[in-house]
Amino acid sequence: MDSSATDAVKGQAKMATGIGPVILFGPPGAGKGTQAKVITETYGVPQISTGDILRDNVSRGTELGLQAKAVMNRGELVPDDLVCGMVAERLAVSDCFKGFILDGFPRTLAQAKWLDKFFGNRAFETLKDCRPAVVVRIVVGYNVLLQRLTGRVSCPTCGRSYNVHTQPPRVPDTCDVDGSRLFTRKDDREEVIAERLKAYEQQTLPLAEYYRKRGRLLEIDGDQPVEKVTADVLRAIEHGNSL
Ligand code: AP5
């Protein structure tokens, strides 16, 4: 069997087994979305990005979107009950039953406690054959985060992120994959970025201790080339290795 066929078989085996829940944890700009897309492609499990679901609701003008819009534009966190309800709805879809990637959730202690309780529900019996939840923390310093967020442009069609400083698209303003015109997120303005990073420090960072105490936290150096971070994230998921 040639190596590409072997890789394909390995990929199918991974998908059949299921990887269980993976929580990608880190500040705005750490690379959670970038890595979630690769994990999704590798294991065939869905990426559940609370930010993406909220932005979709905002653009469709749903009740949830109307409630979340101003909060997000200020760089603050959307209330826990709204976000938990939204996540519960998404996790009930059958594509999550062999595992999923949570990107941007949980973000407060209340959300983490809610998730622990939710994992105890009958809906998650299918996950018993999968691995236990792992929390992969992507660690990146403040100045690098600022540079990444001020330079980010995203594709409205496939969701891929580029960076005008470090990872520009081949043709300016155009997605390499599907040719869509790239856009800058409303909350990637400097004053909003500062608020988002403050919200992370104050409300989200304490969760690292919450998961460390439970023996579930794996830490990855996110200030490396994307492929190197990916290798470390996949190793953490497969073998439980961290920094
Ligand atoms: P959300 O959409 O989740 O945004 P975020 O957490 O601020 O994270 P980002 O998407 O900005 O960054 P990322 O870590 O995914 O990095 P990326 O891969 O894009 O949330 C937005 C808002 O929604 C929140 O502010 C809040 O209001 C609300 N919200 C969402 N979830 C919520 C919750 N659970 N509770 C309450 N409110 C919630 O990469 C960033 C850039 O860096 C890109 O340009 C990328 O190309 C580049 N890059 C990535 N990796 C590397 C690398 N290794 N080297 C160089 N460049 C890199």
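Indexing begins at 1, ligand by ligand and atom by atom, following the structure's order. Here, residue 1 is the first one in the sequence, and each next residue gets the next number.
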- Which atom names give the shortest non-hydrogen contact between Arg160 and Val177, and what distance separates them? NE-CG2, 3.3 Å
Please state which protein non-hydrogen atom is closest to [atom] and give its distance, to 0.1 Å?
atom	answer
atom 16 (O) of ligand 1	Gly31 N, 3.2 Å
atom 19 (O) of ligand 1	Arg152 NH1, 2.7 Å
atom 4 (O) of ligand 1	Arg185 NH2, 3.2 Å
atom 7 (O) of ligand 1	Arg196 NH2, 2.7 Å
atom 35 (N) of ligand 1	Gln111 NE2, 2.9 Å
atom 49 (C) of ligand 1	Thr34 OG1, 3.5 Å
atom 30 (C) of ligand 1	Arg107 NH1, 3.5 Å
atom 31 (N) of ligand 1	Thr50 OG1, 2.8 Å

So is [X] close enough to ligand 1, meaning a heavy atom under 4.0 angstrom away?
X	value
Leu149	yes
Lys228	no
Val71	no
Gly26	no
Ala30	yes
Pro79	no

[X] heavy atoms, cut-off 4.0 Å: which ligand 1 atoms fall inside?
X	value
Gly222	53 (N)
Leu54	23 (O), 28 (C), 29 (N), 30 (C), 38 (C)
Val83	33 (C), 34 (N), 35 (N), 36 (C)
Val226	50 (N), 51 (C), 52 (C), 53 (N)
Pro27	14 (O)
Thr166	55 (C), 56 (N)

- Message: Parallel, tilted or perpendicular, judged at 30° and 60°: which one describes the rings of Tyr200 and Phe25?
- Response: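 Tilted, since the angle between the ring planes falls between 30° and 60°.
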Proximity to ligand 1 by part of [X], non-hydrogen separation under 4.0 Å:
X	value
Tyr200	neither
Gln224	backbone
Leu77	both

- Shared ILVMFWY cluster between Val87 and Leu77, side chains joined below 4.5 angstrom? no
- Cluster question for you: counting only ILVMFWY and a side-chain heavy-atom cut-off of under 4.5 Å, with indirect links fine, are Phe118 and Leu82 together? yes
In plain terms, say whether [X] and [Y] are close enough for a salt bridge, that is, a side-chain N and a carboxylate O under 4.0 Å apart.
X	Y	result
Lys37	Asp103	no
Arg90	Asp95	yes
Arg196	Asp188	yes

[X] atom [atom1]: more than 12 heavy-atom contacts under 6.0 Å:
X	atom1	answer
Arg60	CZ	yes
Glu89	CD	no
Arg55	CZ	yes

- Okay, side chain of Tyr162, backbone of Pro172: is any donor-acceptor separation there less than 3.5 Å? no
- So, the side chain of Lys32 versus the backbone of Gly26: is there a donor-acceptor pair under 3.5 Å, distance only?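 It does hold such a pair.
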- Query: Out of Met86, Gln167, Glu76, Arg55, whose heavy atom is nearest to atom 45 (C) of ligand 1?
  - Reply: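 Shortest heavy-atom distance from atom 45 (C) of ligand 1: Gln167.
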- atom 52 (C) of ligand 1: of Lys69, Arg74, Lys37, Arg148, the nearest heavy atom sits on Arg148
- Item | Spacing of CG belonging to Asp221 relative to CD1 belonging to Ile138, to within rounding of 0.5 Å | 10.5 Å
- Task: Starting at OH of Tyr211, measure out to CD1 of Ile23 and round the result to the nearest 0.5 Å.
- Result: 4.0 Å
- Item | Close side-chain approach of Val233 to Ile220, heavy-atom, < 4.5 Å | yes
- Message: Any heavy-atom pair between the side chains of Gln202 and Thr108 that's under 4.5 Å?
- Response: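 Heavy-atom side-chain distance check fails, nothing below 4.5 Å.
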Between [X] and ligand 1, is there a nitrogen or oxygen pair with a distance under 3.5 Å?
X	value
Gly29	yes
Gly33	yes
Ser49	no
Asp187	no
Val78	yes
Gly104	yes

- Item | Side-chain donor-acceptor pair present, Gln224, Asp232, cut-off under 3.5 Å | yes
